[in-house]
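Down below is the structure, laid out as structure tokens.
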Protein chains: 2
Amino acid sequence: MTSDRPRPTSSPTISEVAAAAGVGRATVARSLGGYGSVSEPTRAHVLAVAARLGYRANTLARSMTTGVTKTLGVVLADIANPFFAGVLRGLSDTAKREGYDLLVLSTNEKLAEEQAAVGLLLDKQVDGLVIASAATAGDDLSHLLVARERNTPLVLIDRLVSGFDADSVVINNREAAREAVTTMIDAGHTRIGFVWGPVTVQPAEDLGTMRSVIAGALWSDGERLSGYLDALLEAGIEFDTSLVTHVLKTEGQAARAVSGMLALAQPPTAFFTTETDATVGTLRALRTRGLRYPDDVSLLGFDDTPWAAVMDPPLTMVAQPMQEVGARAAAIVIGRIKGDDSDVVHDVLPARLVQRHSVQHRAVRALPL
Amino acid sequence: MTSDRPRPTSSPTISEVAAAAGVGRATVARSLGGYGSVSEPTRAHVLAVAARLGYRANTLARSMTTGVTKTLGVVLADIANPFFAGVLRGLSDTAKREGYDLLVLSTNEKLAEEQAAVGLLLDKQVDGLVIASAATAGDDLSHLLVARERNTPLVLIDRLVSGFDADSVVINNREAAREAVTTMIDAGHTRIGFVWGPVTVQPAEDLGTMRSVIAGALWSDGERLSGYLDALLEAGIEFDTSLVTHVLKTEGQAARAVSGMLALAQPPTAFFTTETDATVGTLRALRTRGLRYPDDVSLLGFDDTPWAAVMDPPLTMVAQPMQEVGARAAAIVIGRIKGDDSDVVHDVLPARLVQRHSVQHRAVRALPL
DNA sequence: ATCAATATTGATACCGGTATCAGACGATAG
DNA sequence: CTATCGTCTGATACCGGTATCAATATTGAT
């Protein structure tokens, strides 16, 4: 098989068009590029010849001299995750409108892959970068610094990274979480499970350790947990470490952790889930234990989806403006490319709590001590 | 703002490294590229200098001479669609493993955008293309032909395009649909709504027109409808055009169309939905009419998702091996790039019917005539 | 008709790599 | 001590565009 490969037949070059048209290369370039001055008959002739030959400019060569690739590099955790898919959609739409293409790489939340990705994109001379970084406090940020040093505009999305100040577009995770949890507290819940806390080898022992765990977590994760704590604190509810998961972030692990909480002497009466798969895992756990929402347990989670509205009963959820995040990020990075050197921008887009019917008011009744 | 832009400071070039190391450019290239022969001390010295200067190769320049970009172009309808997101994940994973990056463009199912996308990608000298084409019978296929003419490997995914034979990776849509519909027929259903038939200005009048509509539809859509017809025919059930939607493909339109069917004198007792949003729209319609599945109406649809398993009751669905489609497509196109010139391959991956509980056996009872 | 000003054009250097080629050097053999 | 061969090295021609510059052609003015 691997025999004489027919190497990609590049389309005719400017030189070939020039030869065919009987003019110099520069004249062809001018006619095609529409700059400089070319007599009308010559231009028409050149254009005709170019069309006849099916001439197409080699963007690589152009980028070579102009230093502009009209390409944006996008680095995110997982394209298949509905949140990132939505963000990508937003990025893609506005990038296209501005004449930019997207080179997309995913990192699976691994810093090493992120570093490699940024390196690759920089080597490919992207004009700008949009990154959902996996970096947490204390991590090696050299790849981001290299981008900065090269003056390649970079905007952070979804997560801020401590120790690296750059343009960013994120959601108000903390406030959104606080609002969501408060909704449940207002409905009379005091024991609220938090599904998908930061991954640790063992549960944090107290609020103090939890705070430090948060400091070392992925920004968005930390913020959501902080919002949860804010709500509890505000309501004077004591924090119980056994109600925060610390397992790996998979649907299965979420289900197991929830199942475990449900088996507690004083099980939670509500769950706050921070991501789609956490929500699905929680639902699965309820199902296997024969519990129903909102009667047995209330539910409220991040990342609204069309499915949530057709569940029975429909789920109350936090809707993130995913496409908007992408659109804003693209607009900012393209603005920078165009030369906007105004102050660093930190966009915080509001999440929206979509009230449906998975949170039920809980009559305060005497609990077994 | 748009003042003196700090143009991207490109990292040191080979010439600069050469100058700094006090050797010729070729020697640097050899040391870095690890080809030709360089004395050990020189190589070490060059490498050290390169590292000190933070040298990074400019991939563009390399591609310029080698004619290889290590980039694949991906053209699909909508990145935010879970199916395509899954496919992209598969593409991305195997492409990365082989050292390729992905340039992703979406077309919103518009042929014009697809043509522009392919042109752009070709201009950017991608080494290969993966396309979920929006082209239907009779459409202008020149963009695909141009790719072929340039010897840029191309593989079609999800949809075949009539009149253009190329490597392809698709799902056995027709058989999967037939099997799904047969499942419902076996459960006693004879009036089965088909949600998201091809878009037409008005319903097809009879089987004949429907067949011709299918011929002019998007391949995958046509196949699924054909599978539906196959199942009916096989069971000797008469085809009723009023049970096939012809509306635009949005969740809202699906809901309206389903609502309309439900208002028929002889409403369907089951629905077969061909896409996620069609399923959600159908569920929404049931909800607004106060109907429940599977008691009042049975449901079975394409594109299994984690949500389907936690619905109450869980939905019976057709699961497509999305990532596998992407992985196979990437493998094929990369193989072609490497020179594999064996016969055209037409991969057909099997969809899997995931039995859950949204299809209920229907006791045959006398219907009002 | 002559000359300056302007329009049109081709030649050419460059971008940052790769790849070829020939010269310089050292070592070994005779 | 010289011939021969292999190793190591630098110079240089590409790749296909862009951009500058000088040369030529054209035009209008006097």
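Residue numbers begin at 1 in each chain, while the letters A, B, ... track the order of the sequences.
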Does D/dT9 have OP1 or OP2 under 4.0 Å away from a side-chain N or O of B/S39?
yes
Between D/dG16, C/dT9, D/dT9, which nucleotide gets closest to the side-chain atoms of B/V38?
D/dT9
For the side-chain contact (heavy atoms from CB on, under 4.5 Å) test, which of A/I157, A/V344, A/D347 pairs with A/D167?
A/V344
I need the CD-P distance between A/E40 and D/dT26, as an integer number of Å.
17 Å
Within residues 19-31 of chain A, find the residues that approach DNA chain D with a heavy atom at under 4.0 Å, and present them sorted by residue number.
A/R25, A/A26, A/R30
May I ask you to decide if B/S342's main-chain N or O and B/R336's side chain share a donor-acceptor pair within less than 3.5 Å?
yes
Heavy-atom donor-acceptor pair, B/E98 side chain to B/A95 backbone, under 3.5 Å
no
Residues passing the salt bridge (charged side-chain N to carboxylate O under 4.0 Å, His left out) test with A/R30, sequence neighbours excluded, are none
Please determine whether a side-chain nitrogen or oxygen atom of B/T42 lies at a distance below 4.0 Å from atom OP1 or OP2 of D/dT9.
yes
In whole angstrom, give the distance that lies between atom NE2 of A/H45 and atom C1' of C/dT9.
15 Å
Expressed in angstrom and rounded to an integer, what is the separation of B/I14 atom CD1 from C/dG16 atom P?
11 Å
Under the side-chain contact (heavy atoms from CB on, under 4.5 Å) test against B/W219, which residue among B/V161, B/T136, B/V170 passes?
B/V170
Below 4.0 Å: OP1/OP2 of D/dG17 and any side-chain N or O of A/T65
no
Are any side-chain N or O atoms of B/D78 and backbone N or O atoms of B/A80, one a donor and one an acceptor, separated by less than 3.5 Å?
yes
side-chain contact (heavy atoms from CB on, under 4.5 Å) test vs A/H143 passes for just one of A/L129, A/L122, A/V75, A/L111, namely A/L111
Starting from P on D/dT18, measure out to CE on A/M64 and report it in whole angstrom.
13 Å
Considering the options A/L76, A/L105, A/I131, which one meets the side-chain contact (heavy atoms from CB on, under 4.5 Å) requirement together with A/E114?
A/I131
Euclidean distance, atom CD of residue A/Q125 to atom C1' of C/dG16 [Å, nearest integer]
9 Å
B/T66 side-chain N/O to B/R62 backbone N/O, donor-acceptor pair under 3.5 Å:
yes
Measure CG/A/L32 against P/D/dA19 and give the value in whole Å, please.
14 Å
Rounded to whole angstrom units, what separation is found between the CG atom of B/D123 and the P atom of D/dG17?
10 Å
Can you work out whether B/A61 or B/R43 has the more 5'-proximal nearest nucleotide on DNA chain D?
B/R43
At a cut-off of 3.5 Å, list every protein nitrogen or oxygen paired with a nitrogen or oxygen from nucleotides 23-25 of chain C, distance to 0.1 Å.
none

What is the distance from CG of B/N58 to C1' of C/dT18, rounded to the nearest Å?
13 Å
